[in-house]
Amino acid sequence: MSHFTRSGQAANTEIDLALFGALGDLAQRKLFPALFHLDREGLLDSGTRLLGLARQELDAEAFKVRVEAALKTHVKAEELDRAVLKRFLARLEYRQLDFSQAEGYAAIREWREGAPRPMVIYLSVAAKLYGDICRHLEASGSLDEQSRVVVEKPIGYDLASSAEINDAIGAVFPESRIYRIDHYLGKETVQNLIALRFANPLFGTQWNQNHISHVEITVAEKVGIEGRWGYFDEAGQLRDMVQNHLLQLVCLIAMDPPANLDADAIRDEKVKVLKALKPFTDDMLGRDVVRGQYIAGTSEGKSVPGYLDEDGANTESHTETFVAMKTQVANWRWAGVPFYLRTGKRMPEKLSQIVIHFRQQPHYIFDPDQRGLAANKLVIRLQPEEGIALQVLTKDSGLDKGMRLRPGPLHLDFSSAFPKTRIPDAYERLLLEVMKGQQYLFVRRDEVEYAWRWCDSLIAAWEDRNERPRRYPAGSWGPVASIAMITQDGRSWYEDY
Ligand SMILES: NC(=O)C1=CN([C@@H]2O[C@H](COP(=O)(O)OP(=O)(O)OC[C@H]3O[C@@H](n4cnc5c(N)ncnc54)[C@H](OP(=O)(O)O)[C@@H]3O)[C@@H](O)[C@H]2O)C=CC1
Ligand SMILES: O=C1O[C@H](COP(=O)(O)O)[C@@H](O)[C@H](O)[C@H]1O
């Protein structure tokens with residue numbers, strides 16, 4: 001089957017998919033629903049087969065029952081078309097396997113024997129298993145020159161561990177067949193940053209330190225740890241969210257225009273941003289970085305436990321569930337423009353938003369009392385209620401108002417502007433791009449490593465101090481110190497939620 005690409009060229013989407021970790025949270029909650037939607041949209045080839053691999057002893061029928069239950073939970077009832085469901089379940093096969101042991105991988109080679117399509121291997125498991133799996137796949141003769149591997153984030157725990165894992169994957173697959181997922185790059189609204197910046201000369205000419213005073217990025221989550229305490233406590237919000245998702249957003253906002261939309265053209269520009277991020281030093285900790293950990297509070301009107309009282313918790317943990325920071329992209333375009341980032345669990349709502357604050361006019365001619373009225377802002381709402389609003393000042397209407405100013409938005413709300421368009425989940429887009437063999441939405445090894453290098457500078461400074469994170473009640477916007485961090489610069493977090 002062919003599917004048209006960005007450039008209009010037909011790309012082949014005929015593949016077989018081997019999914020490691022097929023009974024895990026990500027696979028059940030995101031990957032099978034995404035694959036189902038691709039099937040529903042006619043984007044899975046009729047011959048495409050899906051092999052689930054996991055540790056549990058199950059036969060194919062029992063596996064199908066598990067996948068069907070996941071689809072019933074995570075796909076809207078009106079989208080769960082019965083004919084498509086039947087077709088989708090018929091594609092599924094299952095093999096029990098201990099991923100860390102070489103024995104058993106022959107089953108994958110046998111599954112592939114005579115198959116005409118390339119195999120995509122999706123590793124929906126902890127990164128420490130990636131090396132073993134790649135080695136065993138190769139040793140068992142399951143791979144060929146077209147096999148592609150998809151790996152999840154976070155890759156490693158710091159630069160050194162990430163390099164080790166990347167070396168192990170790279171010993172088996174060339175970079176051109178490694179697809180490192182950062183699911184934020186699959187979100188429609190995140191891809192829209194590229195369109196917004198590079199298709200609109202209006203913004204292109206203003207996108208620098210001459211016109212922009214500062215940038216805010218908020219990625220707030222309402223959820224807590226959701227049964228992932230073991231994983232999360234080793235990671236913390238910096239490794240779980242900033243090292244990957246927030247830094248990718250910084251890259252897309254700060255990068256120079258790529259020469260074209262080819263994967264490496266985009267990734268080269270992103271790497272330049274990551275290299276230009278100012279490393280953290282010890283003296284910046286109190287002033288420019290705030291770590292938090294939630295305590296008991298409320299979420300959606302219900303009492304919820306604190307981080308240290310979640311299932312499986314260790315009462316001594318100093319792991320952060322919130323981080324706010326001020327950073328700088330030290331280059332000509334962004335000199336002197338702070339980037340304020342914050343992200344946390346158990347915040348009052350789910351909200352991912354970027355706010356570009358433009359500078360005030362150089363010469364002001366209106367009522368001096370209104371001088372403090374905010375300058376233009378571009379508010380890019382990534383999720384939910386996806387849209388873009390440009391805050392402008394207009395004349396307040398009325399005979400008694402003279403030339404009084406009034407702030408108001410020019411608003412593009414995607415759901416009302418494009419009502420018939422379903423916004424696909426990030427994993428649908430990413431899986432489709434892997435099938436097409438296109439890498440522009442995937443992260444190259446050097447991106448991962450420069451991101452770690454910068455995070456490591458912060459982690460090292462934290463570890464030297466060994467401070468407890470500041471407490472914040474679940475259901476709040478984080479420790480008050482995160483508000484003080486931005487107000488010390490005479491600014492505030494944008495609050496028009
Ligand atoms: N869940 C999420 O929202 C997100 C996850 N990710 C990443 O996706 C990957 C998967 O995460 P997630 O689904 O949450 O993890 P889970 O632990 O829920 O799933 C992993 C699956 O792999 C199986 N597994 C683990 N070790 C072995 C082994 N040696 N042999 C056979 N099976 C094994 C587990 O089986 P068993 O249960 O028997 O141990 C489990 O079914 C991770 O890299 C994570 O960082 C990234 C973004 C978001
Ligand atoms: O990668 C991760 O992302 C989710 C948040 O993703 P979103 O698409 O719901 O914004 C986060 O909850 C999880 O801890 C992290 O591993």
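All heavy atoms count here, side chains included; hydrogens, waters and symmetry mates do not. Whatever order the structure lists them in is the order used to number ligands and atoms, beginning at 1.
Ring-plane geometry between His214 and His357 is classed as parallel, the angle between the planes falling under 30 degrees on a 0 to 90 degree scale with a further cut at 60. By the 30° and 60° cut-offs, the orientation of the rings of Phe280 relative to Trp454 is tilted. Ring pair Phe88/Phe32 is perpendicular by interplanar angle, where above 60° counts as perpendicular and below 30° as parallel.
With Val120 as the partner, the side-chain contact (heavy atoms from CB on, under 4.5 Å) test is satisfied by one option alone out of Arg148, Arg177, Gln146: Arg148.
Applying the 4.0 Å criterion to heavy atoms of Met241 picks out, from ligand 2, the atoms 2 (C), 3 (O), 11 (C), 15 (C). Per-residue contacts place Asp240 under 4.0 angstrom from the following atoms of ligand 2 (heavy atoms of the residue considered): 13 (C), 14 (O), 15 (C), 16 (O). Near Lys187, the atoms of ligand 2 lying under 4.0 angstrom from a non-hydrogen atom of the residue are 7 (P), 8 (O), 10 (O). Atoms of ligand 2 found under 4.0 Å from any heavy atom of Lys350, numbered from 1 in the order shown, are 7 (P), 9 (O), 10 (O). Atoms of ligand 2 found under 4.0 Å from any heavy atom of Glu221 (numbered from 1 in listed order, with element): 4 (C), 5 (C), 11 (C), 12 (O). The ligand atoms of ligand 2 that sit less than 4.0 angstrom from a heavy atom of Lys345 are 11 (C), 12 (O), 13 (C), 14 (O). Ligand 2 places these atoms under 4.0 Å from at least one heavy atom of Lys153: 1 (O), 2 (C), 15 (C), 16 (O). Heavy-atom proximity to Gln383, at under 4.0 Å, picks out these atoms of ligand 2: 7 (P), 10 (O).
In this structure, Tyr184 counts as a contact residue of ligand 2, since one of its heavy atoms falls inside 4.0 Å of the ligand. Not a single heavy atom of Glu226 sits less than 4.0 Å from an atom of ligand 2.
What sits closest to atom 3 (O) of ligand 2 on the protein, heavy atoms only, is His183 CE1, 3.3 Å. Looking at atom 13 (C) of ligand 2, its nearest protein heavy atom turns out to be Arg228 NH1, 3.3 Å.
Looking at Asp59 and Arg95, no side-chain N of the basic residue comes within less than 4.0 Å of a carboxylate O on the acidic one, giving no salt bridge. Ion pairing of Arg112 with Asp16 is present here, as a side-chain N (NZ or NE/NH1/NH2) and a carboxylate O approach within less than 4.0 Å. The pair Lys350-Glu221 does not meet the salt-bridge criterion, since no charged nitrogen lies less than 4.0 angstrom from a carboxylate oxygen. The residues Glu447 and Lys270 are annotated as salt-bridged, a charged nitrogen and a carboxylate oxygen being separated by less than 4.0 angstrom.
Contacts classified as salt bridge (charged side-chain N to carboxylate O under 4.0 Å, His left out) and involving residues 305-323 (residues at least two apart or in different chains) are given here: Arg291-Glu320.
With a 6.0 Å radius and a threshold of 12 heavy atoms from other residues, nucleotides or ligands, Glu79 has its CD atom above the threshold.
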Exercise for review: Walk me through it: do Asp425 and His37 pass the test side-chain hydrogen bond (donor to acceptor under 3.5 Å, both in side chains)?
Suggested key: CA-CA 9 Å; Asp425 185 74; His37 277 295; over 6 Å; no
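Checking Ser352 against Gln383 by side-chain atom types alone, a donor-acceptor pair falls below 3.5 Å.
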Could you give the N/O to N/O pairs under 3.5 Å linking ligand 1 and the protein, each with its distance?
from	atom 1	to	atom 2	distance (Å)
ligand 1	1 (N)	Asp25	OD2	2.7
ligand 1	3 (O)	Arg29	NH2	2.6
ligand 1	13 (O)	Asp25	N	3.2
ligand 1	13 (O)	Leu26	N	2.8
ligand 1	18 (O)	Asp25	N	2.9
ligand 1	29 (N)	Asp98	OD1	3.1
ligand 1	30 (N)	Phe99	N	2.9
ligand 1	38 (O)	Arg55	NE	3.3
ligand 1	39 (O)	Arg55	NH2	2.6
ligand 1	41 (O)	Gly24	N	3.4
ligand 1	43 (O)	Val125	O	2.7
ligand 1	45 (O)	Lys153	O	2.9

